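Each remark here refers to the structure printed beneath this line.
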Number of protein chains: 2
Amino acid sequence: MLMRPATAAVASQSPRCQVSKSELDINTLVGSMELMGTRISYGRNVEIFGEGEPAEYLYKVVSGSVRSCKLLDDGRCQVTGFHIAGEVFGLELDEEHHFSAEAVNDAVVLVVKRRAIIGLAARDADIARQLWAMTARELQRVQDHMPVLGCMNAKQRVATFLLHMGSSGRNEIELPMSRQDIADYLGLTIETVSRTMTQLESDAAIHLASSRRIVLRNRAALTRLNA
Amino acid sequence: MLMRPATAAVASQSPRCQVSKSELDINTLVGSMELMGTRISYGRNVEIFGEGEPAEYLYKVVSGSVRSCKLLDDGRCQVTGFHIAGEVFGLELDEEHHFSAEAVNDAVVLVVKRRAIIGLAARDADIARQLWAMTARELQRVQDHMPVLGCMNAKQRVATFLLHMGSSGRNEIELPMSRQDIADYLGLTIETVSRTMTQLESDAAIHLASSRRIVLRNRAALTRLNA
DNA sequence: CGGCGCCTTGAACCAAGTCAAGCTCTGTGG
DNA sequence: CCACAGAGCTTGACTTGGTTCAAGGCGCCG
C-alpha cells in the first residue's frame, strides 16, 4: 500500500475516432468506452488515481483487479470495494476524485475521458441511464457492505466476504488480493483475518488449499453465521 | 425501531396535473416533485418503506427527519444515513427497495411516483443528470462513512458524527435522533455512545446542554482525534 | 541455497460490549 | 399541582472479541 513501484505504462492506444450514433454497440456505455479508450498497465500496488486529484477519466478493468479506497490521516486505509475484469470504476459526479484506486495485482485498465462520456450522456438518454445505473449499482454494493462493517463480528465478516467471492457458483475461489487488502476491506487486522480463516477451516466450512486458493466446503454453514 | 404506531396519514394531495416543459421550475427535479407529489405524515419510528418492497415512489423530506437502514436477521440494524428537510431518499435503480426507511421523529414526506420521474428523465437530459447527481451524492456520503465504520475507534466515530451534525457552522446542535439511532449509525452500542459523549464533555470538547442539545466547545479538538 | 514478502500462530492486553442499576426527563391522571 | 409511570439516557462492574506485539513458517524468485 505504501510501496509504489510506479510502473504505469501505456500498453496501446486506439485511434481517437469521432463516435457517431450509427456505430455498432454505441448505445452501450461500455461499447462506447472500447471505441474511445486507451489501455494502460499498472503494476501491483501502483496508484491509478488518488483522492483529491482531478477526475479526468473513467476507468474499466480489462484484466487483473483494482481496489478503491479511502486513506486516513494516520496511514490506515478503508478499502471500499474491489473491481474485477469488466467492471467500471472511478466514476465521479464531481470534478475531483473522492477516493483513490490502486492495482491489487498487475492490471490492464481501459481509460476514457470523463467529459466525453458526460457529453455523450447529455445527448443520448440511453447512455445517461447507464451512467446512472452504474452509480446506483455501486451505491448498492457499498450500502450492502455497511452492515458488515457496522454490525458483524469477525467470523461473520470473513464468511460474508468468502460467500461473495464465491457467488459465481464455483466452490474453488482464487483470491486476487492479499490478506492486508481483505483486512482493510473488512475493517479487521491481517492477524484476525488469518485466524478466522483457520477457524473456518477447522469448522469444516472451508478448505485452505493455499493462502490464495480457498474451497467453500459448506456454504450453508457460512450463511448460517449471519443468523 | 420495533414498535410502529403505524399512523401514516395522507396530509394533503395536490391535483395530479400533467407536467409540461413550459412550467416554471420544471427543469429541476425537486421542482417537478413539488408539482407531482403527495404529502404524507409519518409518526415517530413508523416505517416509510421496507427492504424488498416494490420501489414505487421517490421521497423528499418536507419536515422532520428520516433514517435509511439495513436490517439484519438477528434484529440488529445498520443505519446507512439520516435525511433532513429538503433531502431526497429512497431512490432506487431497481424495481425494489434494497434498504428500509423510517421516520426518526414525526415527519412529513413528499412522495412521487418513481416511474414518472424516470419517464421525465428519459426525455429531459437535465432531469436525467439530476437523478444521477442525487445518486452520486448519496454514494459519496456512504463512501465517506465507511472509514468511520471500518477504521475509527469510538471517540473518533462520535467526534466525526458531531462535527458532521455541526457542519452548518452553528455550535449549538439539536439532535433529531435518539442515542439508539446514533449507535446504529456509528456501529456502536448506546452505552458506548453515551459514555463517549460524557468523555468528550470532560475533555471540554463539547457541552451536553441536554441529551439532545449539544454545544461544540472545541472543534479543533474533535478534528484532532482523527490524526 | 538464501533472502524476502506474506501468512500464520501465540500470548498479553485493552477497547468496546454486556448486564444491571439508577437517574432524568416528559406526559398523564388523580 | 403533584404523584406516578415509562421511555430514554447515564453510569458502574465485569467480560470478551479483536488488536497488538512478537516469533516462526511457508513459498517464491534470484
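Computed from a predicted structure; not experimentally measured.
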Quiz item: So does B:R44 get a side-chain nitrogen or oxygen closer than 4.0 Å to the phosphate oxygens (OP1/OP2) of D:dG8?
Solution: yes

Self-check item: Side-chain donor/acceptor of A:R213 to backbone N/O of A:L208, under 3.5 Å
Solution: no

Self-check item: B:S211 side chain, from C-beta outward: closest of D:dG18, C:dA16, D:dC9
Solution: D:dC9

Quiz prompt | Rounded distance (Å) that lies between atom C1' of D:dC9 and atom CG of B:L175 | solution = 13 Å

Exercise. Tell me what B:L188 touches on the nucleic acid: a base, only sugar-phosphate, or nothing, going by heavy atoms under 4.0 Å.
Key: sugar-phosphate

Quiz prompt | Atom-pair distance (CD1 on B:I182; P on C:dA16), nearest Å | solution = 16 Å

Quiz item: Quick one: does B:R217's side chain have a donor or acceptor within less than 3.5 Å of a partner on B:H207's backbone?
Solution: no

Quiz item: Starting at CE of A:M177 and ending at C1' of C:dC6, how long is that distance when rounded to a whole Å?
Solution: 16 Å

Quiz item: When you check the side-chain N and O atoms of A:H83 and A:S68, is any donor under 3.5 Å from an acceptor?
Solution: yes

Quiz item: If only atom types and distance count, is the side chain of A:R114 paired as donor or acceptor with the main-chain N or O of A:L93 below 3.5 Å?
Solution: yes

Practice problem: Round to the nearest Å and state the distance from A:L225 atom CG to D:dG17 atom P. | Solution: 14 Å

Practice problem: State yes or no: are the ring centers of A:Y59 and A:F49 separated by less than 6.0 Å? | Solution: yes

Practice problem: Measure from CD1 on A:I190 to C1' on D:dT19 and round the result to the nearest Å. | Solution: 11 Å

Quiz item: Just how far, in rounded Å, is P of D:dT11 from CZ of B:R179?
Solution: 10 Å

Exercise. Tell me which residues in residues 191-203 of chain B put a heavy atom below 4.0 Å from DNA chain C, sorted by number, or none.
Key: B:E191, B:T192, B:R195

Quiz item: Atom CG of B:L208 to atom C1' of D:dG8: distance rounded to whole Å?
Solution: 15 Å

Self-check item: Member of A:T192, A:D203, A:T196, A:N226 meeting the side-chain hydrogen bond (donor to acceptor under 3.5 Å, both in side chains) criterion with A:K155
Solution: A:D203

Self-check item: Rounded interatomic separation in angstrom, taking CD from B:Q156 and C1' from C:dA16
Solution: 14 Å

Quiz item: Just checking A:R212: base, sugar-phosphate only, or nothing, at a heavy-atom cut-off of under 4.0 Å?
Solution: sugar-phosphate

